[in-house]
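These notes are about the structure you will find just below.
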Amino acid sequence: RAKTFDLEEEIVWLFKSDKDNPERGIDAVRSLYKAVDSGRMPLEEKDNRFYVLGLAPNAARISVRFWKTGTVSDFAMRIKQHFEDFKIAHGPKDHEHLSIYQILSATALKYEMANVPPNLAADVIVSILDGTPYPRTLLQQCIRRIRAEQQVNRSRAAILKACINRFNRFYNKDEKEVLVGLDRTNTNTGYRVGRLFAVLEKIQEEASLGINATIRDRFYGAASATPITVFPQLLKLKNHHLAKLHPGRKINLEKEIQEIFDTIKAFPSHLSLDEQSMFAIGYYHQRQDFFTKKETDNK
């Protein structure tokens, strides 16, 4: 008989990042999924009371950050939902799930945990255990790092997706769920403009093979915050780059742009923080879609 899932034994590994044994946390998440999905948690244990105490060192004493009580089943379901919320398209060599360390460090200067805002780690864990929206600071810090570095990677895109979906779900907002991968039916302006930026960057890359810096390095901040100030210029530049491409490839990329433009009536003069988040997700989704197509074509 397969070993049953022991939340008391595994919960530390669900949140801990061990550089010496990175597979341990991954195994814990897999066990959690199997337990919730296939019922490998004994019935008598599902309703057992479970207690989680969060402590933080504070000079010469230890302070209590949080104290959570609930059933084993409740906590298991909420932790699994957290990993579901952070699912996003990624490369074939990447691990299936993101660790708390990957999430928090993605919001910090130089990816160093020492630069993560005070209390953010505890606030994120509390939102996971309670099944509530992630702290607003998580989204704000993520956007801040993206704008500072002009870099939207998997962890950052996943943070934005999770924050937006959780907030909308919790408050019953009538907003379309942000999907794991590219969503051509998503008409959110920020999302569409982010996709367009990714296509324009791709055109530039293919027209100038081996280029060291792209439009992302120079224009990402302005494009994601005040689109009207840069997109007219980028679209003119696009025509110059398209002229260098093979006719068939040129047609495909022009069709991609036209499909994106179908619901963009005008470039916004300003995007809010949530709209900037959608811009980043749209940009990331479109980039990942290009990579996926390339890998498929090479097989």
Side-chain angles (χ1 to χ4, degrees), residues 2-19 21-41 45-46 50 52 54 66 68 70-107 111 113 116 120-135 137-139 141-142 152-170 177-183 277 280-281 284-285 288:
K3 180 184 175 184
T4 57
F5 180 76
D6 186 341
L7 183 60
E8 185 176 0
E9 178 184 333
E10 301 291 349
I11 192 168
V12 172
W13 295 102
L14 292 170
F15 295 110
K16 183 179 179 181
S17 181
D18 190 340
K19 292 181 180 178
N21 187 9
E23 293 297 322
R24 184 63 181 86
I26 296 166
D27 290 341
V29 178
R30 286 181 185 143
S31 297
L32 172 70
Y33 267 77
K34 287 179 182 177
V36 174
D37 294 341
S38 62
R40 275 177 50 213
M41 213 180 296
E45 291 184 12
K46 286 185 178 181
F50 196 82
V52 185
F66 57 83
K68 297 295 174 184
T71 66
V72 169
S73 179
D74 285 342
F75 281 129
M77 290 293 291
R78 289 170 189 166
I79 295 169
K80 183 194 173 206
Q81 184 61 55
H82 157 74
F83 286 109
E84 285 289 310
D85 285 337
F86 269 84
K87 277 186 176 180
I88 200 161
H90 57 78
K93 295 181 180 179
D94 295 331
H95 288 307
E96 184 66 22
H97 303 288
L98 292 167
S99 68
I100 290 291
Y101 174 85
Q102 288 173 302
I103 292 167
L104 293 173
S105 64
T107 69
Y111 290 85
M113 290 297 288
V116 173
L120 182 58
D123 291 344
V124 169
I125 291 174
V126 166
S127 67
I128 294 170
L129 297 176
D130 287 345
T132 54
Y134 295 103
T137 310
L138 182 64
L139 182 143
Q141 282 293 121
C142 185
V152 187
N153 57 26
R154 176 197 177 184
S155 298
R156 289 170 178 168
I159 287 170
L160 301 176
K161 167 186 174 283
C163 287
I164 290 171
N165 280 346
R166 274 255 187 154
F167 182 87
N168 290 340
R169 193 185 309 136
F170 191 81
E177 183 98 352
V178 181
L179 303 184
V180 171
L182 181 64
D183 183 4
S277 300
I281 297 168
Y284 178 83
H285 275 171
Q288 284 298 307

Under 4.0 Å between a Lys/Arg side-chain N and an Asp/Glu carboxylate O for Arg24 and Glu10? yes

Any sub-3.5 Å donor-acceptor pair from Arg156's side-chain atoms to Ala280's backbone N or O? no

Under the salt bridge (charged side-chain N to carboxylate O under 4.0 Å, His left out) rule, collect the residues that match up with Arg154, sequence neighbours excluded. none

Do Tyr101 side-chain atoms and Met113 backbone N/O form a donor-acceptor pair below 3.5 Å? no

Backbone N or O of Val180 within a donor-acceptor pair of the His285 side chain at under 3.5 Å? yes

Is there a donor-acceptor pair under 3.5 Å between the side chain of Arg78 and the backbone N or O of Ile128? no

Over 12 non-hydrogen atoms of neighbours within 6.0 angstrom of CD in Glu177: yes

Tyr134 and Ser127 have their tightest heavy-atom pair at CD2-OG, 3.2 Å

Salt bridge (charged side-chain N to carboxylate O under 4.0 Å, His left out) involving Asp74 - partner list, sequence neighbours excluded: none

Is the side chain of Lys161 donor-acceptor paired with the backbone N or O of Asp85 at a distance under 3.5 Å, no angle test? yes

Minimum-distance pair of heavy atoms, taken over all atoms of Phe83 and Leu14: CZ-O, 3.7 Å

Asn165 (side chain) donor-acceptor with Val178 (main chain) under 3.5 angstrom: yes

Check against side-chain contact (heavy atoms from CB on, under 4.5 Å), Phe15 and Leu129: CA-CA 11 Å; Phe15 295 110; Leu129 297 176; 4.2 Å; yes

Please determine whether side-chain contact (heavy atoms from CB on, under 4.5 Å) holds for the pair Phe50 and Ile11, giving the CA-CA distance in whole Å, both sets of side-chain angles, and the decisive distance to 0.1 Å. CA-CA 11 Å; Phe50 196 82; Ile11 192 168; 3.8 Å; yes

Within the 4.5 Å heavy-atom criterion, are His82 and Arg166 side-chain neighbours or not? yes

